[in-house]
2 protein chains.
Amino acid sequence: MSKKHRMTKQKRIIMEILRGTTSHPTADWVYEQARKQIPDISLGTVYRNLNNLKEMGEIMELCYGSSFSRYDGNPENHYHFHCLECGRVLDLDMPINRDLEKQVEESSGHKVERHRLEFYGVCCECNKKKQKQE
Amino acid sequence: MSKKHRMTKQKRIIMEILRGTTSHPTADWVYEQARKQIPDISLGTVYRNLNNLKEMGEIMELCYGSSFSRYDGNPENHYHFHCLECGRVLDLDMPINRDLEKQVEESSGHKVERHRLEFYGVCCECNKKKQKQE
DNA sequence: TTTAAAATAGTAATGATAGCTATTAAACGT
DNA sequence: ACGTTTAATAGCTATCATTACTATTTTAAA
């Protein structure tokens with residue numbers, strides 16, 4: 001019943017690009033990188049494969065305030081830190097806190113399956129730069 | 001230096017609409033509601049005022065996976081619960097956990113200013129419906 | 001009341017993403 | 001190895017949420 005998935009050169013390269021960066025790139029950035037290996041790859045193909053890989057649970061789509069999505073080659077749930085100075089989105093090396101889900105279940109009665117946690121602030125590097133300026 | 005803000009009938013009504021619901025509506029829903037009071041209000045005016053109110057800290061823009069934003073009339077930081085069955089986004093009555101921010105600061109060295117926490121699962125009501133079916 | 005400029009309605013433009021179609025190429029059975 | 005089937009592709013065009021533009025109106029301060 002379920003549609004079969006075929007591994008194509010395009011899909012493999014798009015996945016490699018995502019796996020090889022921690023910068024949470026946009027579809028457009030992935031497209032630019034992919035063109036270095038397949039010059040006539042179509043932007044539509046990039047979007048189709050990003051959605052495809054998302055459905056397969058191989059990557060994650062991250063939706064932030066801006067008008068475009070970012071993609072994360074690490075499909076395991078993990079927390080992010082957004083630097084308000086340089087705009088980077090950094091992965092946090094921090095265990096997933098299941099207690100938070102338990103807390104919600106107990107206080108609200110809803111059945112919680114997962115959660116998403118994003119932090120905002122100023123990253124180490126930008127902090128150092130700011131201190132030098134003072 | 002900063003641009004002055006003027007209170008207009010349109011802005012007041014848009015704010016009232018948002019303050020009067022907990023459903024985290026889209027810009028289009030706000031537009032439909034506003035038209036009941038000002039039939040010839042422009043959709044652009046709705047968007048301009050939503051952005052305006054967001055800048056003023058009166059409301060929050062929520063960006064989820066879909067292609068459109070939702071708006072929250074409660075500008076205080078609070079957590080949300082997304083029901084994967086009915087699609088509703090519910091406010092959680094749960095204190096903001098500042099310890100999480102401290103935890104990130106200690107483990108990563110970044111300066112954390114705020115965080116955002118979203119839960120996903122099946123809400124009470126949908127759970128009841130599912131149990132009846134079984 | 002006068003006046004400067006902020007906000008508006010109506011419209012066109014933008015930009016990320018999805019849809020369409022003829023063609024190409026995976027991967028299965030033979 | 002070689003057809004055969006059909007998913008995936010390139011190269012478009014279409015869509016739809018949001019923003020920009022402009023002449024006009026409205027706010028609020030002097």
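Letters A, B, ... are given to chains in the order of the sequence lines, protein chains preceding strands, and every chain is numbered from 1. Quantities reported herein were computed from a predicted structural model and do not represent experimental measurements.
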*Asks:* Crowded around A:Glu118 CD? As in, over 12 foreign heavy atoms under 6.0 Å?
*Replies:* yes
*Asks:* How far does the helix from C:dT1-D:dA30 to C:dT30-D:dA1 bend, going by the axes of its first and last five pairs, to the nearest 10°?
*Replies:* 40°
*Asks:* Expressed in angstrom and rounded to an integer, what is the separation of B:Asn52 atom CG from D:dT19 atom C1'?
*Replies:* 14 Å
*Asks:* For A:Ile41 and D:dA8, give me the distance from atom CD1 to atom P, rounded to whole Å.
*Replies:* 14 Å
*Asks:* Restricting both atoms to N or O, compile the protein contacts to nucleotides 24-26 of chain C shorter than 3.5 Å, with distance only.
*Replies:*
| from | atom 1 | to | atom 2 | distance (Å) |
| --- | --- | --- | --- | --- |
| C:dA26 | N3 | A:Arg6 | NH1 | 3.3 |

*Asks:* Could you state the atom-to-atom distance from CG of A:Asp40 to C1' of D:dC12 in whole Å?
*Replies:* 14 Å
*Asks:* Just the atom pairs and distances: protein N or O near nucleotides 28-30 of chain C's N or O, under 3.5 Å.
*Replies:*
none

*Asks:* I need the NZ-P distance between B:Lys11 and C:dA9, as an integer number of Å.
*Replies:* 13 Å
*Asks:* Find the distance B:Ile14:CD1 to C:dA7:P and express it as a whole number of Å.
*Replies:* 12 Å
*Asks:* Side-chain atoms of residues 38-47 of chain A: list all donor-acceptor pairs with protein atoms under 3.5 Å, sequence neighbours left out, distances to 0.1 Å.
*Replies:*
| from | atom 1 | to | atom 2 | distance (Å) |
| --- | --- | --- | --- | --- |
| A:Ser42 | OG | A:Gly44 | N | 3.2 |
| A:Thr45 | OG1 | A:Arg48 | NH2 | 3.3 |

*Asks:* Check the hydrophobic clustering (I, L, V, M, F, W, Y; side-chain heavy atoms under 4.5 Å; chains of links allowed) and say if B:Leu117 and B:Val112 are grouped together.
*Replies:* yes
*Asks:* Does the side chain of B:Asp72 come under 3.5 Å of the side chain of B:His80 through a donor N or O and an acceptor N or O?
*Replies:* yes
*Asks:* Is B:Glu85 paired with B:Lys130 through a side-chain N to carboxylate O contact shorter than 4.0 Å?
*Replies:* yes
*Asks:* Calculate the interatomic distance between B:Ile13 atom CD1 and D:dT26 atom P; express it in whole Å.
*Replies:* 14 Å
*Asks:* What string of B, S and - do you get for nucleotides 12-18 of chain C, 5' to 3', when a contact is any protein heavy atom under 4.0 Å?
*Replies:* ----SBS
*Asks:* Provide, to the nearest angstrom, the distance between the CG atom belonging to A:Asn49 and the C1' atom belonging to D:dT9.
*Replies:* 9 Å
*Asks:* Can you check the A:Leu50 CG to D:dT9 P distance for me, whole Å?
*Replies:* 11 Å
*Asks:* Checking A:Ser69 now: which residues fulfil side-chain hydrogen bond (donor to acceptor under 3.5 Å, both in side chains) with it, not counting sequence neighbours?
*Replies:* A:Glu61
*Asks:* A:Phe81 and A:Leu100: same hydrophobic cluster, using ILVMFWY side-chain contacts below 4.5 Å?
*Replies:* yes
*Asks:* May I ask you to say whether A:Glu105 pairs ionically with A:Lys102, meaning some side-chain N is under 4.0 Å from a carboxylate O?
*Replies:* no
*Asks:* Side chains of B:His110 and A:Tyr120: is there a donor and an acceptor less than 3.5 Å apart?
*Replies:* no
*Asks:* Nearest 0.5 Å, please: how far is OG1 in B:Thr22 from CG in B:Asp91?
*Replies:* 6.0 Å
*Asks:* Does a side-chain N-to-carboxylate-O contact under 4.0 Å join A:Glu125 and A:Lys128?
*Replies:* no
*Asks:* Indicate if A:Ile59 and A:Leu90 have the same hydrophobic cluster label, given that clusters are the connected sets of ILVMFWY residues with side-chain heavy-atom separations under 4.5 angstrom.
*Replies:* no
*Asks:* Closer than 4.0 Å, any side-chain N/O of A:Ser42 to the OP1 or OP2 of D:dT9?
*Replies:* no
*Asks:* Kindly give the heavy-atom pair with the smallest separation between A:Pro75 and A:Arg19, and that separation in Å.
*Replies:* CD-NH1, 4.1 Å
*Asks:* Considering only NZ, NE, NH1 and NH2 on the basic side and carboxylate oxygens on the acidic side, decide whether B:Glu16 and B:Arg12 come within less than 4.0 Å.
*Replies:* yes
